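What follows is one structure encoded as structure tokens, with my remarks underneath.
All chains are named by letter (A, B, ...) in the order of the sequence lines, taking the proteins before the strands, and each is independently numbered beginning at 1. Keep in mind that this is a model prediction, so the values were computed, not measured.
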Number of protein chains: 2
Amino acid sequence: MAKRSGVLELAVLGLLHESPMHGYELRKRLSSQLGAFRALSYGSLYPCLKGLVRQGLSTESTDPDEGGTRRSKIVYQLTADGKERFQQLLAESGPAAWDDETFGVRFAFFGRTDADTRMRILVGRRARLEERLDNLKGSFARTRERLDDYTTALQNHGLDSVEREVRWLNELIDVERNRKQTNTTPGSGAQGPGDTTKE
Amino acid sequence: MAKRSGVLELAVLGLLHESPMHGYELRKRLSSQLGAFRALSYGSLYPCLKGLVRQGLSTESTDPDEGGTRRSKIVYQLTADGKERFQQLLAESGPAAWDDETFGVRFAFFGRTDADTRMRILVGRRARLEERLDNLKGSFARTRERLDDYTTALQNHGLDSVEREVRWLNELIDVERNRKQTNTTPGSGAQGPGDTTKE
DNA sequence: GTTAGCATGTAAGGAGTTACATGATTTT
DNA sequence: AAAATCATGTAACTCCTTACATGCTAAC
């Protein structure tokens, strides 16, 4: 009954892990930093934050007016339990982690995810996309000439997008593999995947 | 209270407009042909179909066993009202029509959409994406160096995807404009946008 | 002075999923 | 004979949005 759900909770825990924040600020970060939750409503966010407090994952401190005379912000800060829960959620990452909506959020927190989990998610995501690719190509072959040009154009664009993401994932997976060979100790050496954007 | 909602209803009306079908078949087409509704559950589809019947947009005929001894399929066929409703929904296409989930479905039915509406949707969609592009580029400039490499890689990939879709839309809009000049009578001449997939 | 942005919340409802229930048919 | 696929449906539940309610501050 206290199951304040999956992705949003993870995303909020992740951002609060970086630094304490109030709800309004959090909402902006969710869209600008994580990309997901483009226009999350306060009707979702505030109850979620209250839920974290209820579960003892965050504290709520009415920051009493720093400077201006604004309505006093409510700053949320993760407890030790909250930080632990975040790590636990990151480590779990089952098949749900390679969904369209979830993957982006998981990926955004790769900086604090261990190498095995990173690899598992990347490979899982790629498998998911390749499966989709097979479906697209299959139905493409089956329905050839039965579709009008607009539908075909749409399917081609979709196909290209998925293929692009697979290539992107391949590059990321390569980088992870190289890192594994050259650098076994986590937390040292060069960080991140580098710029794999250009083709 | 009878508001059996937006996109799904439109998609179902569109597919039933092409040919009468039963629910199970319809579900496959929704994912393979339209791309949207990748794994729509029957818990959504069947109530929606019942809703169409309730509204007098479709008839329900228990097709009595054609060949095999299968559980008799229930074939849904649009009424005149249903066909009219489909055209009406296509023509409306307000700002909701350029949402991520909605746009694909609208576009898939461009073959039965008039030229003005097509252009309105394409331009609206492009504006929506360019707005998103501005946000991404803005926050990119603002938060430069404050994000780890994974987050940056994610944002770059997102940026590239949006830019790609804008280029795709630009090509489609060009094609529409040319068609407008050379061919004023709708329903005659060459159909569709051609293959604008390659770069 | 009024529009835009900051800041927090609640209640009602929409759109969909999951889990359950049933049973025939085709393929392995 | 088992497993996959065809075929239809319902009830409960989840996650999220919309619409409402409030009030302050900065910019134009």
Open item on the list: On DNA chain D, compare the nucleotides closest to A:F37 and B:K50; which residue's is nearer the 5' end?
Closed with: B:K50

Task: Under the side-chain contact (heavy atoms from CB on, under 4.5 Å) test, residues paired with B:A11 that sit two or more places apart - done: B:L30, B:L34, B:F37, B:V105

Task: Members of residues 18-25 of chain B that approach DNA chain C, where some heavy atom sits under 4.0 Å away - done: none

Open item on the list: Could you work out how much the helix from C:dG1-D:dC28 to C:dT28-D:dA1 bends, comparing the axis of its first five pairs with that of its last five, to 10°?
Closed with: 50°

Task: Pairs involving residues 101-111 of chain A, ordered by first then second residue, that meet salt bridge (Lys or Arg N to Asp or Glu O under 4.0 Å) (sequence neighbours left out) - done: none

Task: Whole-Å gap separating P (D:dT17) and CG (B:D99) - done: 12 Å

- [ ] For B:K28 and D:dC6, give me the distance from atom NZ to atom C1', rounded to whole Å.
- [x] 8 Å

Task: Nearest to side-chain heavy atoms of A:Y42, which nucleotide of D:dG9, C:dT8, C:dT17 - done: C:dT8

Task: Contact list for residues 77-96 of chain A, test salt bridge (Lys or Arg N to Asp or Glu O under 4.0 Å), sequence neighbours left out - done: A:E9-A:R85

- [ ] Just compare C:dT18, C:dC6, C:dT10 and give me whichever is closest to any side-chain atom of B:S41.
- [x] C:dT18

Task: A:I74 CD1 to D:dG23 P, straight-line distance once rounded to whole Å - done: 16 Å

Using a 3.5 Å cut-off and no angle test, enumerate the donor-acceptor pairs between side-chain atoms of residues 128-135 of chain A and protein atoms at least two apart in sequence or in another chain.
{"from": "A:R128", "atom 1": "NH1", "to": "A:D99", "atom 2": "OD1", "distance (Å)": "2.9"}
{"from": "A:R132", "atom 1": "NH2", "to": "A:D100", "atom 2": "OD2", "distance (Å)": "3.4"}

TODO: Could you work out which one of C:dT17, C:dG9, D:dT8 sits closest to the side chain of A:Y76?
DONE: C:dG9

Open item on the list: B:D174: which residues meet the side-chain contact (heavy atoms from CB on, under 4.5 Å) condition with it, sequence neighbours left out?
Closed with: none

Open item on the list: Of the listed nucleotides (C:dT17, D:dT17, C:dA7), which one gets closest to any side-chain atom of A:K73?
Closed with: C:dA7

Open item on the list: Under the rule for side-chain contact (heavy atoms from CB on, under 4.5 Å), what residues qualify as partners of B:Q155, not counting sequence neighbours?
Closed with: B:F140, B:L147, B:T151

Task: Protein-nucleotide distance (A:L30, atom CG; D:dT17, atom P), rounded to Å - done: 11 Å

TODO: Please work out which of the three classes, parallel, tilted or perpendicular, describes the rings of A:W168 and B:H157, given edges at 30° and 60°.
DONE: parallel

Task: ring-ring contact (aromatic ring centres under 6.0 Å, His included) partners of residues 112-134 of chain B, not counting sequence neighbours, each pair once - done: none

TODO: Inspect the contact between A:R29 and A:E25 and indicate whether a charged nitrogen and a carboxylate oxygen are less than 4.0 angstrom apart.
DONE: yes

Task: A:Y46 OH to D:dC16 C1', straight-line distance once rounded to whole Å - done: 16 Å

Task: Atom pair distance, as rounded to whole Å: CG in B:L45 and C1' in D:dA7 - done: 12 Å

Task: Side chain of B:L8 - closest among D:dT8, D:dT17, C:dG16 - done: C:dG16

